[in-house]
Amino acid sequence: MKAIEWLGDRVKVLDQTKLPIKEAYLELSRYQDIASAILELKIRGAPAIGVAVGYGLALGALKIKTGTPDNFRRELKAVSRALAATRPTARNLFRALERMERVAEKGEDVERIKQALINEAIAIHNEEAEATLKLSKLGAELLKDGSTILTHCNTGPLATAGYGTALGVIRQAFEHGKKLKVFATETRPLLQGARITAWELKQLKIPFTLITDSMAGYFMSKGEVDCVIVGADRIALNGDTANKLGTYTLAVLAKEHAIPFYVAAPLTTIDPALASGDEIPIEQRSPDEVTHIQGVAIAPAGIEAANPAFDVTPNKYITAIITEGGIIREPYGEGIKKYFREVIT
Ligand code: MRU
């Protein structure tokens, strides 16, 4: 299940829009192709987007012809701006670009800078993969043997270009012998749960039941959900968390039913510059994604439809945030600052 693979002068990606019907791979050699793939959700999930833009910037750098460092840096800025303009919510995207840009600022030999950028992109990928494995191991302790876990959207290897976040935690607990059952929400409008999480859970042989988003309350009210675990696209300093639309609804429902609600994310998803979730930019996508499913109209033509891609869950609904640095609980600001200082540079 390799979401993204660096092939030296191009990137191989699994086209996530074709799943589960087809396992189609794309080979992308231009940064513009990476940007389009992210926009179209062929590559998706916050950590995977971060990894992809790292490689995207490296590909852009390889195509720049000038040998003058200042001109090179100017052209590279344009590449970075194009990649940054793809999806506004995932913090990992901007963090990866900032890291790559810092590398580009050093040195006077353009060929060496290009190589350093490739090395940095590979390092971002490796570190993101390690972080997701580590947080999955830490988080697995929270899942009780015999429990049923509800998860939303897709947070496995394909969303992370690594091990997984929420799904990684479930996977670790399962691989260590805990008997678990999963409810996977279909995740309208783009069905990341039905198409991708179901595909991954099936391959991992983890028992699961696919439900529509609106069934969550029914199963919680019947006492059939022991905990909820989701990923994140951006987490503010106070722990408020932006994740796939519908996460907030699940968190409110979980609180009403006294069900623990966990968020799992690498520290690269945290944005300590934002005091609260109110400051997190929320991507608004095309209404066509709501009025159509896989290109087929399911609503009358010409109507209005809304399509915010994420919502923000206030910290008061979150039982704990699982990161590779440790499990953070209230007060989130202190824990976040501590792990950020210790683990991330
Ligand atoms: O719009 P998407 O499919 O990129 O949204 C993905 C999510 O919301 C995931 O839950 C989030 O990125 C965490 S992935 C490990």
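Atom set for the values below is all heavy atoms of this structure, side chains included, hydrogens, waters and symmetry mates excluded. This chain uses plain numbering: 1 for the first residue, then up along the sequence. Each ligand, and each atom within it, is numbered from 1 in the order the structure gives.
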Are the side chain of [X] and the backbone N or O of [Y] linked by a donor-acceptor pair below 3.5 Å?
X: His292; Y: Ala299; answer: no
X: Thr151; Y: Val230; answer: no
X: Lys134; Y: Gly325; answer: no

Side chain to side chain donor-acceptor pair (under 3.5 Å): which pairs involve residues 230-243, sequence neighbours left out?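 Of all non-adjacent pairs touching residues 230-243, those that pass side chain to side chain donor-acceptor pair (under 3.5 Å) are Arg234-Asp271, Asn238-Asp240, Asn243-Thr247.
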
Aromatic rings Tyr55 and Trp6: how do their planes relate, parallel, tilted or perpendicular, breaks at 30° and 60°?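 Rings of Tyr55 and Trp6: parallel, as their planes differ by under 30°.
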
Give every pair formed by an N or O atom of ligand 1 and a protein N or O atom closer than 3.5 Å, one pair per line with both atom names and the distance to 0.1 Å, or write none.
unit_1, atom_1, unit_2, atom_2, d
ligand 1, 1 (O), Arg87, NH1, 3.4
ligand 1, 1 (O), Arg87, NH2, 2.8
ligand 1, 1 (O), Lys244, NZ, 2.8
ligand 1, 3 (O), Arg44, NE, 2.4
ligand 1, 3 (O), Arg44, NH2, 3.3
ligand 1, 3 (O), Gln192, NE2, 2.9
ligand 1, 4 (O), Gly45, N, 3.0
ligand 1, 4 (O), Arg87, NH1, 2.8
ligand 1, 8 (O), Asp233, OD1, 2.8
ligand 1, 8 (O), Asn243, OD1, 3.3
ligand 1, 8 (O), Lys244, N, 3.2
ligand 1, 10 (O), Asn243, OD1, 2.7
ligand 1, 12 (O), Ala46, N, 2.9
ligand 1, 12 (O), Asp233, OD1, 3.2
ligand 1, 12 (O), Asp233, OD2, 3.0

Against the six-membered ring of Phe208, is Lys202 placed for a cation-pi contact (under 6.0 Å from the centre, within 45° of the normal)?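 Here Lys202 fails the 6.0 Å and 45° test against Phe208.
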
